[in-house]
Each structure stands twice: as C-alpha cells, then as structure tokens.
2 protein chains.
Amino acid sequence: MLSIGIMAKRTGTKVQTIRYYEQIGLMPEPGRTEGGQRRYGGVELDRLAFIRHARELGFSLEAIRELLDLSDSPERSCAQVDAVAQRQLKEVEARIARLEALRIELQRMLSECNADRVADCRILQVLRDHEECLADHGKPGN
Amino acid sequence: MLSIGIMAKRTGTKVQTIRYYEQIGLMPEPGRTEGGQRRYGGVELDRLAFIRHARELGFSLEAIRELLDLSDSPERSCAQVDAVAQRQLKEVEARIARLEALRIELQRMLSECNADRVADCRILQVLRDHEECLADHGKPGN
DNA sequence: CTTGAACCTACAGCCGCTGTAGACCCTATA
DNA sequence: TATAGGGTCTACAGCGGCTGTAGGTTCAAG
C-alpha cells in the first residue's frame with residue numbers, strides 16, 4: 001500500500017498534481033486509511049507513470065484520457081491510438097516550425113543591431129515597425 | 001481619436017485583450033468620452049502594435065514591459081535590449097531542442113507500431129514502460 | 001428619434017498545475 | 001504511552017495570457 005507521497009516520489013510527480021488528476025477523473029479515487037489518507041496499489045502507480053510519461057511527450061490531459069480509455073479495451077484495433085499519436089506528432093511539428101521562424105527572426109534582429117544607444121537600436125525598430133519584419137507570424141505562444 | 005474597437009482591428013488584437021493590457025499596466029489608461037468610452041491616439045496605437053509584434057515573437061509580457069521601459073530612455077545603451085532579445089532567443093532554442101526530442105520519440109513510436117490490436121500496440125507499451133523510451137525528457141509543456 | 005452595433009464593468013473559465021493556510025494523521029523514538 | 005515532527009487532509013487562490021459571458025450603457029447612422 002503506497003501513500004500519495006511515495007507515489008509522487010516514484011513517478012516524479014507533485015503530491016498536489018496527483019490529487020488534481022484525481023479531481024479531474026484521470027486517476028481513480030483510491031482507498032483510504034481509517035484516518036482518511038489515500039492508499040494506492042501497483043495498478044494506480046502504473047497508471048500514474050503512464051500519465052506522466054505521456055505528459056513528458058507533450059500529450060494533453062484530454063489525449064491521455066483517450067489513450068487510457070483505449071488501453072482498457074485490448075481487443076480493439078489500435079488505429080485510434082495511432083491517430084492520437086499522429087495528431088500529437090503533427091502538433092509538435094507545427095510548434096517546431098513556428099519556433100524556427102521565430103528563432104530566425106530573433107537572430108536577424110540581434111545580428112543587425114550594432115547600435116550603442118537605445119534610440120538607434122534595430123531590435124526596437126523592428127518591433128515597432130512590423131514592415132521591417134520578414135516573417136509573418138501565426139498566433140503567439142509555443 | 002480611436003475607439004478600442006478600431007485599435008483592436010488595426011493591430012489584430014481582441015478588445016478584451018486591450019482592456020487586459022490596461023489592467024495589468026502594459027497599456028496606459030486612455031482618455032474617455034463623456035459617456036465613458038476609451039479614446040486612443042497614435043502613440044497608444046504604436047505601443048499596442050509593439051506589444052503585439054513582440055508577443056508574436058514569443059516575448060513574455062514581462063519582457064515586453066522591460067523593452068517598453070527601455071525604449072523610453074533613448075539615450076541609454078541598448079545592451080540591455082540586446083540582453084532581453086538574447087534571452088528570448090535562448091528560450092526559443094531550448095524549446096525547439098526539447099520539441100525535436102519529442103518529435104523523434106513520437107516518430108519512433110509510430111514507426112514501430114505495426115500491431116492490429118490495442119493489446120500489442122507499441123505506442124501504449126512505450127508509454128507504459130519508461131525504459132522503452134530512448135529520450136530522457138525534461139519538463140512537460142512547450 | 002430610433003435602432004442596433006459597439007462599448008462598459010465585473011467576473012468566471014481555459015490549461016496544467018503550484019502554493020498556501022490551518023487542521024489532522026501516522027509512526028518512530030524516549 | 002506520550003510526544004515530536006513530518007506527511008497528509010481539504011479548500012481555495014494564483015500563475016500566464018488571454019477569452020467569454022451577462023447585463024447594462026453609449027454612440028452614430030439613418
């Protein structure tokens with residue numbers, strides 16, 4: 001029987017995060033001691049490890065929920081699992097592409113700025129005048 | 001004199017976002033009509049455009065605040081501006097590196113899974129057993 | 001003068017946690 | 001068996017950066 005702290009340590013999760021996963025229904029409600037403390041078994045530990053690993057790979061909690069549901073029906077086709085992973089890969093690729101564009105623009109800005117004073121700073125000029133900017137960026141974030 | 005809606009249209013910002021920027025002190029409190037509606041001038045428009053452009057380049061609101069403060073003292077050295085941009089570039093590069101690792105891992109997972117049934121699905125196996133995974137990922141997100 | 005689009009404030013919600021306060025429990029040692 | 005102190009409990013607020021809603025007011029065109 002594992003306390004929540006042990007679970008946390010074993011999976012590299014914060015205690016509050018585990019409680020949060022329980023709250024949103026990603027982790028099951030575990031048994032309790034007489035005093036009301038959570039006690040877990042190996043199944044729950046595995047589930048939490050699965051969740052954490054999927055998080056590390058960038059899957060959203062919603063996607064993880066889907067994967068966990070799918071893995072509960074072992075006889076079904078795994079095409080849906082593939083689709084979830086494929087979707088995740090596409091998202092990651094899109095983020096990389098966007099960040100690459102930002103990286104290039106930032107590098108250009110930095111390399112062009114040889115000014116001393118703020119008044120002549122190319123970086124601020126580029127930020128002020130969108131026209132100076134080569135890239136036409138998508139949405140901010142990521 | 002520009003209404004908030006015009007400001008929004010000109011800069012591709014949502015009206016609420018502009019009010020939010022005002023709330024957190026990134027945009028100044030503008031003048032008002034007798035009826036209490038915000039009216040802006042060109043200076044505010046430029047400032048908002050600056051903010052949006054910097055956001056598109058991935059700068060945090062805190063970094064943007066810093067850049068705006070710096071651009072208010074045109075006689076100072078622009079070394080600090082460079083430092084902010086440099087920091088941003090480093091962050092972008094770090095995110096790219098992390099996402100690249102995820103991309104590779106996801107591709108590997110997908111290419112290895114030739115199973116039909118969920119029970120044999122490599123993707124789920126990799127997620128279950130961290131050992132199967134090559135990369136040792138950092139923090140989730142980005 | 002009327003209409004209806006735009007604007008106002010205030011607040012809740014998104015994601016995925018993280019931190020806090022104040023109380024309670026569990027276990028090891030004296 | 002009493003106590004100390006670390007772990008755990010609930011409940012809620014806060015992060016970043018917005019976005020959406022409700023319910024009301026104002027502005028400008030016709």
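Side chains are part of it too, since the values below use all heavy atoms of this structure and drop only hydrogens, waters and symmetry mates. The sequence lines fix the lettering, A, B, ..., with proteins before strands; numbering per chain opens at 1.
Between D:dC18 and B:Arg52, a contact under 4.0 Å exists linking OP1 or OP2 to a side-chain N or O. Residue B:Tyr20 places none of its side-chain N or O atoms closer than 4.0 Å to OP1 or OP2 of D:dG16. OP1 or OP2 of C:dC17 lies within a sub-4.0 Å distance of a side-chain N or O belonging to A:Tyr21.
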For residues 17-29 of chain B, run the donor-acceptor check on the side chains, cut-off 3.5 Å, and write out each pair with its distance to 0.1 Å, sequence neighbours left out.
{"unit_1": "B:Tyr21", "atom_1": "OH", "unit_2": "B:Arg52", "atom_2": "NH2", "d": "2.9"}
{"unit_1": "B:Glu22", "atom_1": "OE1", "unit_2": "B:Arg38", "atom_2": "NE", "d": "2.7"}

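Between the side chain of B:Gln16 and the base of D:dG20 there is at least one donor-acceptor pair of N/O atoms closer than 3.5 Å.
Follow the hydrophobic side-chain contacts under 4.5 Å out from B:Ile4 and you reach B:Ile6 in the same cluster.
In the set C:dC7, D:dT8, D:dC18, the nucleotide with an atom closest to the side chain of B:Ile4 is C:dC7. Distance from the side chain of B:Arg32 is smallest for C:dC8 among the nucleotides D:dT19, D:dC9, C:dC8. Taking the side chain of B:Thr17 as heavy atoms from C-beta on, and the options C:dC17, C:dG16, D:dC18, the nearest nucleotide is D:dC18. Nearest to the side chain of A:Leu61, among C:dC7, C:dC17, C:dC26, sits C:dC17. The side chain of B:Lys14 sits closest to D:dT19 out of C:dC26, D:dT19, C:dC8.
When the nearest nucleotides of DNA chain D are assigned to A:Gln23 and A:Gly5 by heavy-atom distance, the more 5′-ward of the two goes with A:Gly5. Ranked by how close their nearest DNA chain C nucleotide is to the 5' end, A:Arg19 and A:Thr33 are led by A:Arg19. Where B:Ser60 and B:Gly36 meet DNA chain D, the nucleotide closest to each residue was compared, and B:Ser60 sits on the side nearer the 5' end.
Atom CZ in B:Arg10 sits about 16 Å away from atom C1' in C:dA6, given to the nearest Å. Distance A:Met1 CE to C:dC26 C1': 17 Å, rounded to the nearest Å. Rounded to whole Å, the distance from CZ on A:Arg65 to C1' on C:dC15 is 12 Å. Nucleotide C:dA6 holds its C1' atom 13 Å from the CD1 atom of B:Ile18, rounded to whole Å. Atom NZ of A:Lys9 and atom P of D:dG7 are 6 Å apart (whole Å). Atom-to-atom, CD of B:Glu56 to P of D:dG17 comes out at 15 Å; the value is rounded to the nearest Å. Rounding to whole angstrom units, CE of residue B:Met7 and P of C:dA6 are separated by 17 Å. With rounding to whole Å, B:Ile6 atom CD1 is found 13 Å from D:dC27 atom C1'.
Exactly one residue among B:Leu89, B:Asp82, B:Leu57, B:Val81 makes a side-chain contact (heavy atoms from CB on, under 4.5 Å) with A:Met109. That residue is B:Leu57.
Within the 4.0 angstrom heavy-atom criterion, no nucleotide atom of any strand lies near A:Phe59. A:Arg38 comes within contact range of the sugar-phosphate backbone alone, with a heavy-atom separation under 4.0 Å but no base atom that close.
Judged by distance alone, the side chain of A:His53 and the main-chain N or O of A:Leu48 form no donor-acceptor pair under 3.5 Å. Listed for the A:Gln125 side chain is a donor-acceptor partner under 3.5 Å among the backbone atoms of A:Asp120. Between the A:Gln88 side chain and the A:Gly58 main chain, a donor and an acceptor come within less than 3.5 Å of each other.
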